[in-house]
Number of protein chains: 4
Amino acid sequence: MAVTEDGVVQDITMNKTRQKLIRATERLLRRDGLARVTTRKIAREAGVAEGALYHHFGDKAELLYAVVQQSMGDFHEVLESLPLQVGQRTVCENLEHTLQAAFDFQFRIVPIVCSLYADQSLLARTREIMSERGIGPQCSVAVLAVYLQAEQRLGRVAADIEPQAAAGLLLAGGFHTAMLDHLLAREVTPAAARQRLRETVRTLLTGLEPRIAAESFSAPMTGR
Amino acid sequence: MAVTEDGVVQDITMNKTRQKLIRATERLLRRDGLARVTTRKIAREAGVAEGALYHHFGDKAELLYAVVQQSMGDFHEVLESLPLQVGQRTVCENLEHTLQAAFDFQFRIVPIVCSLYADQSLLARTREIMSERGIGPQCSVAVLAVYLQAEQRLGRVAADIEPQAAAGLLLAGGFHTAMLDHLLAREVTPAAARQRLRETVRTLLTGLEPRIAAESFSAPMTGR
Amino acid sequence: MAVTEDGVVQDITMNKTRQKLIRATERLLRRDGLARVTTRKIAREAGVAEGALYHHFGDKAELLYAVVQQSMGDFHEVLESLPLQVGQRTVCENLEHTLQAAFDFQFRIVPIVCSLYADQSLLARTREIMSERGIGPQCSVAVLAVYLQAEQRLGRVAADIEPQAAAGLLLAGGFHTAMLDHLLAREVTPAAARQRLRETVRTLLTGLEPRIAAESFSAPMTGR
Amino acid sequence: MAVTEDGVVQDITMNKTRQKLIRATERLLRRDGLARVTTRKIAREAGVAEGALYHHFGDKAELLYAVVQQSMGDFHEVLESLPLQVGQRTVCENLEHTLQAAFDFQFRIVPIVCSLYADQSLLARTREIMSERGIGPQCSVAVLAVYLQAEQRLGRVAADIEPQAAAGLLLAGGFHTAMLDHLLAREVTPAAARQRLRETVRTLLTGLEPRIAAESFSAPMTGR
DNA sequence: AATGAATGAGCTTTCATTCAT
DNA sequence: GATGAATGAAAGCTCATTCAT
């Protein structure tokens, strides 16, 4: 037994191999997708024997659950510092900065998250894990919505929009873009990605409706 | 074209065995996920021999692609008719109608499309198919962007937004929502889905930025 | 019923398809090898339906036998005119000319003949066909041996060599070379092939033993 | 190197399962021909699981190649010792000894090597393997040619013949004979085979050309 | 006689899992 | 705990053959 830097007591040898396996699996999942991740590849990538996997996990699925747990755990860390930004700088800057970090994360987990959809029983188990631990993508949306709501109170965001819908749109944009980048094997430079993201934020901030002061008294052109 | 013994006119796409295979595949994909759907199971579910699959489709990937294509159904028509809607009714109505059809489609194909990401080589194969036939999700985005651009020219959409970014955002919203519905096994009533979609469209139309002071006293332009 | 130019009575329609199938099979056998020749490819190459094959042949093996019969039939035609050359021109010229024709033939049938060895039961059936019709590669050897024997009688070939062994060597050289050309995918120009063949013939004509008149009275250097 | 429980020293090539597979394959290849030899049958014949085959060989082709390599056995050694025979005993004896070993090898591999020609893609794969490892039938020809050249320098072989052509002819003779033995299912006693080989060597040594008049009265130099 | 969709056994290969060392 | 050879059940796919038209 030993105590790690985090102060957590753990059996070192056990966790060494266990962690190596989890990290190797995550790396492979990201690179090749679930269907191409075999126990043999995992063992090789982790630098341990194939049989060792079964000392630490009941079967392959349990190893997978461990990876999902760990990946999902990171999910809302991305948005962690957002509440501290309320009222600071401009809303536009805050959103851009946050979504930039979100996108980096989203781009990395697309292959893992999507892989879950290839196996309904794996997806169901993931659902349970998220529910048990109170995590999941909906949490990120919630955090972002809370931020927008706080800015609404400060009058820095329009009062009549639905923060939940806006937050969903913002995160959806990043995830969808990440998926298309993977699907189309697009090579996007950081600068282009940044520019793309900026346009998205600006579009959502200004809205699609024409805003012509002179006409604001006449009947709205896109009313319903 | 050919006439069956029943006197029913049918074209190639109505082939009986072919249809049985596509429908069986869709059923299994939704129920079990791609990783658990084998050619053997598909054939049994369709009530045909395994070899028949390879008479009608070059390989499993092509069958999958046929399922996606068939699922597009209504959405494809809605998308095609979108250019005709330019200047008609309100922008809000047109977007809601289009996104409604999009969401129906997206909800159906999430389990299939996401499954592709579980296998990088299948993803690459899909990329090829799309590239050969000049199709793919980016086409839907493009069609929607063209529509927005046309409305921009008519002054029914703000001149300074990026149609591409706005179109991406709108479709991303639906896809992301569909993914979450599947992941969380949410049971969403059609009415709730409709309401949700309306909020999303409204949010994007009005934008997050607070309206200028002069207007903030008048009734909101797109209140509900 | 009709009579062909060869004076053979045959049902034209039957033989048309039958011949198309045999020729298509031979072509494919040559190009792809037995393992890659499927009934589907044969039918397509012949321009008939797959089922038609079974109207003319009991099964695939029977079609193959027909091809082998036809190919083997050509086997000794190659050496047909050789008996007429006895005593004409030089032995060297006659051999070169004959082996040139033999090689062209051998190069073409290597893939077919070798394919037979991939299936012992096919090889056994071929053995029967050859035995029934009195054909086969050994006949070519025999024809060449008879020629050499005849030249021996005229004193144009050494009296103390075994015609059978010499004939075997000559034909073996061509066949072996043809096999290596196929195996190594060598591209040999007609000129190079001709040169190669000439050296072979010359080597066999002169023999490996040193022939130094002055020493012919001393003990032979390579006697036994 | 490793020592088994029996205290037997063994190296990698002596691996038990590996050897069982190679021997089973050779047996089946000889009995049924490549077209009828499946991985299933090989595993059953070897008494191991089908999957074991893929632990020891990358694919079926590599197993086949291992069979060929193992079959070379004695012949390889004889070929290697050939350079040491230069100037030793008589050329005739050396050739007979070498070709005897060659024929034993050739007779065994005819069913395998010929089978390769039944599948152009397998033939191409073989070509690659040979090219990678710098081996192949042409190497045997080359070694024999080098030997003949060395004997030429010693005056024990005629100076004006082409060693390459002569070496090719000698090995071709054995291969062709082996092919005919298989095709015609000839049962040849070792004594008859020996005699046949002797005649072939003698024929090539003396050549077909009639000896010059001056000598034709003396006893033949290599009579029997 | 000719067609070609349909069949289903069988192919090579993969891979999660076990177990003697 | 760790190892990695061995297992054997599937996987995707092929193909000779049949049969209703």
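Treat the numbers as computed from the prediction; the structure is a model and nothing was measured. Below, read A as the first sequence line, B as the second, and so on, with proteins coming before strands; counting in each chain starts at 1.
Along DNA chain E, the nucleotide closest to D/Lys41 and the one closest to B/Leu53 are compared, and the more 5′ of them pairs with B/Leu53. Heavy-atom distances to DNA chain F give each of D/Gly51 and C/Gly51 a nearest nucleotide, and the one nearer the 5′ end belongs to D/Gly51. Both B/Ala52 and D/Ala52 lie close to DNA chain E; mapped to their nearest nucleotides by heavy-atom distance, the more 5′-ward contact belongs to B/Ala52.
Remark: F/dA20 base-pairs with E/dT3. Criterion, Watson-Crick or G-U wobble with two distances under 3.5 Å. Using Watson-Crick or G-U wobble geometry with both donor-acceptor distances under 3.5 Å, E/dA9 finds its partner in F/dT14.
Taking atom CZ on B/Arg18 and atom C1' on E/dA6, their separation rounds to 16 Å, with Å as the unit. Rounding to whole angstrom units, NZ of residue A/Lys20 and C1' of F/dG1 are separated by 13 Å. As rounded to whole Å, 10 Å separates atom P of E/dC11 from atom CZ of D/Arg44. The distance from atom CG of A/Asp119 to atom P of F/dA11 is 13 Å, rounded to the nearest whole Å. The distance between atom CD of A/Glu50 and atom P of F/dG1, rounded to the nearest whole Å, is 18 Å. One can place CG of A/Leu122 at 13 Å from P of E/dA16, the figure rounded to the nearest angstrom. Across the protein-nucleic acid pair, D/Lys16 atom NZ and F/dT7 atom P stand 12 Å apart, rounded to whole Å.
Separating the CG atom in B/Leu64 from the CD atom in B/Glu26 is a distance of 11.5 Å, to the nearest 0.5 Å. We find the CD1-CG distance between C/Ile22 and C/Leu29 to be 12.0 Å, quoted to the nearest 0.5 Å. Going from atom CD1 of D/Ile42 over to atom CZ of D/Arg40 covers 12.0 Å, rounded to the nearest 0.5 Å. Put simply, CD1 on D/Ile112 and OH on C/Tyr117 are 14.0 Å apart, with the number rounded to the nearest 0.5 Å.
Residue B/Arg30 places its CZ atom among more than 12 non-hydrogen atoms of other residues, nucleotides or ligands, all under 6.0 Å distant. Within a 6.0 Å radius of CZ in A/Arg125, other residues, nucleotides and ligands contribute more than 12 heavy atoms.
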- Item | Stepwise side-chain contact (heavy atoms from CB on, under 4.5 Å) test for B/Glu45 and B/Arg27 | CA-CA 9 Å; B/Glu45 176 85 11; B/Arg27 237 173 295 143; 2.7 Å; yes
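C/Arg127 contributes a side-chain N or O that, together with a main-chain N or O of D/His182, makes up a donor-acceptor pair within less than 3.5 Å. With hydrogens and angles ignored, the 3.5 Å screen pairs no side-chain donor or acceptor of D/Arg36 with any backbone N or O of C/Asp119. In terms of modelled atom types and a separation under 3.5 Å, the side chain of B/Asp32 and the main chain of B/Ala35 share no donor-acceptor contact. In this structure, the side chain of A/Lys41 does not engage the main chain of A/Thr25 through any donor-acceptor pair within 3.5 Å.
Of the residues in residues 22-30 of chain D, none has a non-hydrogen atom less than 4.0 angstrom from any atom of DNA chain E. Heavy-atom distances under 4.0 Å link DNA chain E to B/His55, B/His56 of residues 54-69 of chain B, given in residue order. Sorted by residue number, the members of residues 31-40 of chain B with any non-hydrogen atom under 4.0 Å from DNA chain E read B/Arg40.
In this structure, a donor-acceptor pair under 3.5 Å is present between the side chains of B/Gln70 and B/Gln19.
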